[in-house]
Amino acid sequence: MISLDSLPPQARQAFEGLQGEVGRLEQVVRSKDQIIELQNQKIRLLNLKLWGPKGETIAPAQTALLFDEASVTTGEVQAEAQLPAEQKENPLPKAKPARARHPGREPLPEHLERREVVVPCHPKDCRCDQCGAERPVIGYETHEELGCEPATFYVRVVKREKRGSHCLEEQGVATAPAPARIVPKSKFSDEFIIEALAQKYQQHLPVYRQCAVLADNHGLDVSRATLTAGVLAAGALLAAVVRAQAEELRRSSYLQADETTVPVQTGEKTGRNHRAYFWEYSQPGGPVVFDFQMGRGRDGPAAFLPGFHGTLQCDGYAAYDQLGENIIYAGCLAHARRGFVEMAKLAPQNPLPVEIVETMARLYAVEEKARRDGLGPAERQALRQSRSAPVMAALKLRLMEIRREIPPGGKLAQACDYALGQWSRLEVYLQNGLVEIDNNWCEGAMRPLALGRKNWLHLGSPEAGPKVAAIASIVETCRRLGINLRAYLKDILPKLGDWPASRVAELTPTAWKAAQSKKS
């Protein structure tokens, strides 16, 4: 091998320049390869998100096949997600296994009314072929089926009694007072408005579809605008109850928070909707309050949380920061886990994200044990200190080690950066048994809004936002507390208009449920 020192100066300088150019080209190639890999990750991630909420249970081999289909329904994706692991990795047709024995039908509820229908034998089977005598009934082949009748509508004629004077003309006429109603003088009863509200915000059926059903099935021509106005009138009344409920939340020591988008029609924009937000504040298993805001800035939570002194659990969105010196911020492990789950889908051959997800699963196993054993906050904190704290400490060290080994910019690097950036907040749940490991309670309350948003598409105006937020708050709170929404609304809505403002706290779902328990 020729030494560089033996070469003439010009040749040595040219060779060194060529080496530098080769190194620069190698760096460019590495950079381009990295860019290509990042773009491939984004494409694969979008590919996975295309298949909806069951995407986490879909294997890469299945995803490739589904993407080749001309059209794929959500049901087909869910069916794929239920396949055994070996079929996910090799999703080719196999011989059908022997059918398992049917476990039998579940009996219909005992509390339902039973209406018997006797089906007689054919006339030729009712008499004996030999003697012609009537054959006796010896029993019945019986089965039960769930029947139904369409909703019954009727016109309630309310006759308010009028009394004339007896002997003195100046007494005038006495008339019975009008009953309290959600919308005074409306042609819709309180029950009708409450039913429309429940169908829209519980079953996610838009008002225009409800009107179409009434016209097609019952011959009722109902004005969509009038019915919508009735539902929003109920929302305006419920706003006072939700304000009282918000005061309850602000006096508590622990809250979860999250936000979601909602399209709103405005006069300022033509051809497209404004992106507004529902901010959610809630307690796990307890009251929920949605706060409507036209933007996603810090002014929303800053206006809602003055005076709150406690632990606020949220994701890493900066708008929740610096809301008060007395607020302790708790992180969400589900948000930190999400990046590693997505990376495991994008690169199933990479063992690192799977390792992190499995480590986090050990933390969730501790939470499952605490729930199964019915532990209180103090016992749960002690269990976390003994079982979860060592896992968290080891997990942090492992994340720092992985981050040093991988280049920046990729999905795995982003997941590590997010988790490490939130680490002090992620550890808060170890010190407080009242705090959950993640924000999933809060995110679960958002799902009905997401479902409804796909059906009713947008809010008609910014003014409708606070009313819809009030309705959504009551609907979700009733669901969490196990309260029959229709019974609750039928009791409190008619009297809300004349109810003293100082006593509105008596009508919150929490207070109403407690009062009903005392009555029974």
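In what follows, residues are counted from 1 in the order of the sequence shown.
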Taken in chain and number order and not counting sequence neighbours, the residues that satisfy side chain to side chain donor-acceptor pair (under 3.5 Å) with Gln283 are Ser252

Over 12 foreign heavy atoms within 6.0 Å of NZ, Lys513
yes

Exercise. Answer yes or no: is there a side-chain heavy-atom contact under 4.5 Å between Tyr429 and Glu436?
Key: no

Taken to the nearest 0.5 Å, the spacing of Cys442 SG from Tyr281 OH works out to 9.5 Å

One should read off an interatomic distance between Gln202 CD and Glu195 CD, to the nearest 0.5 angstrom, of 9.0 Å

- Message: Between Asn484 (side chain only) and Ala487 (backbone N and O only), is there a donor and an acceptor less than 3.5 Å apart?
- Response: yes

Those residues at least two apart in sequence (or on a different chain) that pass ring-ring contact (aromatic ring centres under 6.0 Å, His included) with Trp279 are Tyr320

Between Val435 and Tyr254, is any pair of side-chain heavy atoms under 4.5 Å apart? yes

message: Check this for me, if you would: do Arg362 and Glu358 make a salt bridge, where the nitrogen-to-carboxylate-oxygen distance has to be below 4.0 angstrom?
response: no

Subject >> side-chain contact (heavy atoms from CB on, under 4.5 Å) evaluation trace for His309 with Ile327 >> reply: CA-CA 5 Å; His309 305 301; Ile327 294 179; over 6 Å; no

Is there a salt bridge (charged side-chain N to carboxylate O under 4.0 Å, His left out) between Arg398 and Glu355 once you walk through the steps?
CA-CA 10 Å; Arg398 184 59 177 142; Glu355 175 192 344; 2.7 Å; yes

So do Glu280 and Val289 actually touch side chain to side chain, heavy atoms under 4.5 Å?
-> no

CD (Gln422) and CG (Asp417) are apart, to the nearest 0.5 Å, by 12.0 Å

Practice task
Considering only NZ, NE, NH1 and NH2 on the basic side and carboxylate oxygens on the acidic side, decide whether Glu443 and Arg338 come within less than 4.0 Å.
Solution key: yes

Salt bridge (Lys or Arg N to Asp or Glu O under 4.0 Å) pairs touching residues 302-328, sequence neighbours excluded, are Asp321-Arg425

Check your understanding: Is the closest side-chain donor-acceptor distance between Gln293 and Asp291 under 3.5 Å?
Key -> yes

Here the pair of heavy atoms bringing Ser388 nearest to Leu363 is O-CD2, 3.7 Å

When every non-hydrogen atom of Gln210 is compared with those of Leu205, the smallest separation belongs to NE2-O, 3.0 Å

Trp512 and Ile483 have their tightest heavy-atom pair at CZ3-CG2, 3.5 Å

_For the backbone of Leu485 and the side chain of Arg479, can you confirm whether one donor and one acceptor N or O come within less than 3.5 Å of each other?_
no

inquiry  = Determine whether Ile474 and Phe290 satisfy the following criterion, side-chain contact (heavy atoms from CB on, under 4.5 Å), listing intermediate values before the conclusion.
reply    = CA-CA 9 Å; Ile474 295 299; Phe290 290 101; over 6 Å; no

Scanning both residues in full, the closest heavy-atom pair of Lys345 with Pro348 reads O-CD, 3.5 Å

- prompt: Would one find more than 12 heavy atoms of other residues, nucleotides or ligands at under 6.0 Å from atom CE of Met294?
  reply: yes

Here the gap from Leu430 atom CG to Glu427 atom CD, rounded to the nearest 0.5 Å, amounts to 6.5 Å

Separation between CD (Gln313) and CD1 (Ile328), nearest 0.5 Å, reads 12.5 Å

- Can you tell if the side chain of Pro263 reaches within under 4.5 Å of the side chain of Arg275, non-hydrogen atoms only? no

Side-chain heavy atoms of Arg480 within contact of Ser282, under 4.5 Å
yes

request  = Dump the intermediate steps for side chain to side chain donor-acceptor pair (under 3.5 Å) on Gln199 and Tyr201, then the final yes or no.
outcome  = CA-CA 6 Å; Gln199 288 199 32; Tyr201 294 101; over 6 Å; no

Would you say Tyr317 and Asp258 are linked by a side-chain donor-acceptor pair, where the criterion is simply a distance under 3.5 Å?
no

Taken in chain and number order and not counting sequence neighbours, the residues that satisfy salt bridge (charged side-chain N to carboxylate O under 4.0 Å, His left out) with Glu259 are Arg296

*Side chains of Tyr364 and Asp438: does their closest heavy-atom pair fall under 4.5 Å?*
yes

Gln256 versus Pro284: any side-chain heavy-atom pair under 4.5 Å? yes

Ignoring hydrogens and angles, write down the donor-acceptor pairs under 3.5 Å from the side chains of residues 230-250, residues two or more places apart or on other chains.
{"from": "Gln245", "atom 1": "NE2", "to": "Val288", "atom 2": "O", "distance (Å)": "2.8"}
{"from": "Gln245", "atom 1": "NE2", "to": "Thr477", "atom 2": "OG1", "distance (Å)": "3.1"}
{"from": "Glu247", "atom 1": "OE2", "to": "Arg250", "atom 2": "NH2", "distance (Å)": "2.9"}
{"from": "Glu248", "atom 1": "OE2", "to": "Thr508", "atom 2": "OG1", "distance (Å)": "3.2"}
{"from": "Arg250", "atom 1": "NH1", "to": "Phe304", "atom 2": "O", "distance (Å)": "2.6"}

Exercise. Just wondering, more than 12 heavy atoms not from Glu405 lying within 6.0 Å of its CD?
Worked result: yes

Original post:
Have Gln381 and Gln385 got a donor and an acceptor in their side chains that come within less than 3.5 Å?
Top reply: no

- Query: Where do Tyr329 and Leu323 land on the side-chain contact (heavy atoms from CB on, under 4.5 Å) test, with the steps shown first?
  - Reply: CA-CA 10 Å; Tyr329 291 95; Leu323 294 176; 3.6 Å; yes

Rounded to the nearest 0.5 Å, the CZ atom of Phe308 sits from the CG atom of Leu255 at a distance of 4.0 Å

Across all chains, not counting sequence neighbours, the side chain to side chain donor-acceptor pair (under 3.5 Å) partners of Arg371 are Glu368

On a heavy-atom basis, the closest approach of Leu375 and Arg380 is CB-N, 4.1 Å

Practice problem: Determine, stepwise, if the pair Gln516 / Asp491 fulfils side-chain contact (heavy atoms from CB on, under 4.5 Å). | Solution: CA-CA 11 Å; Gln516 297 300 307; Asp491 186 26; 4.2 Å; yes

What one should report as the nearest heavy-atom pair of Ala319 and Pro301 is O-CG, 3.8 Å

Could you tell me whether the side chain of Leu434 reaches within less than 4.5 Å of the side chain of Ser253, counting heavy atoms only? yes

Heavy-atom donor-acceptor pair, Glu379 side chain to Gly376 backbone, under 3.5 Å:
yes

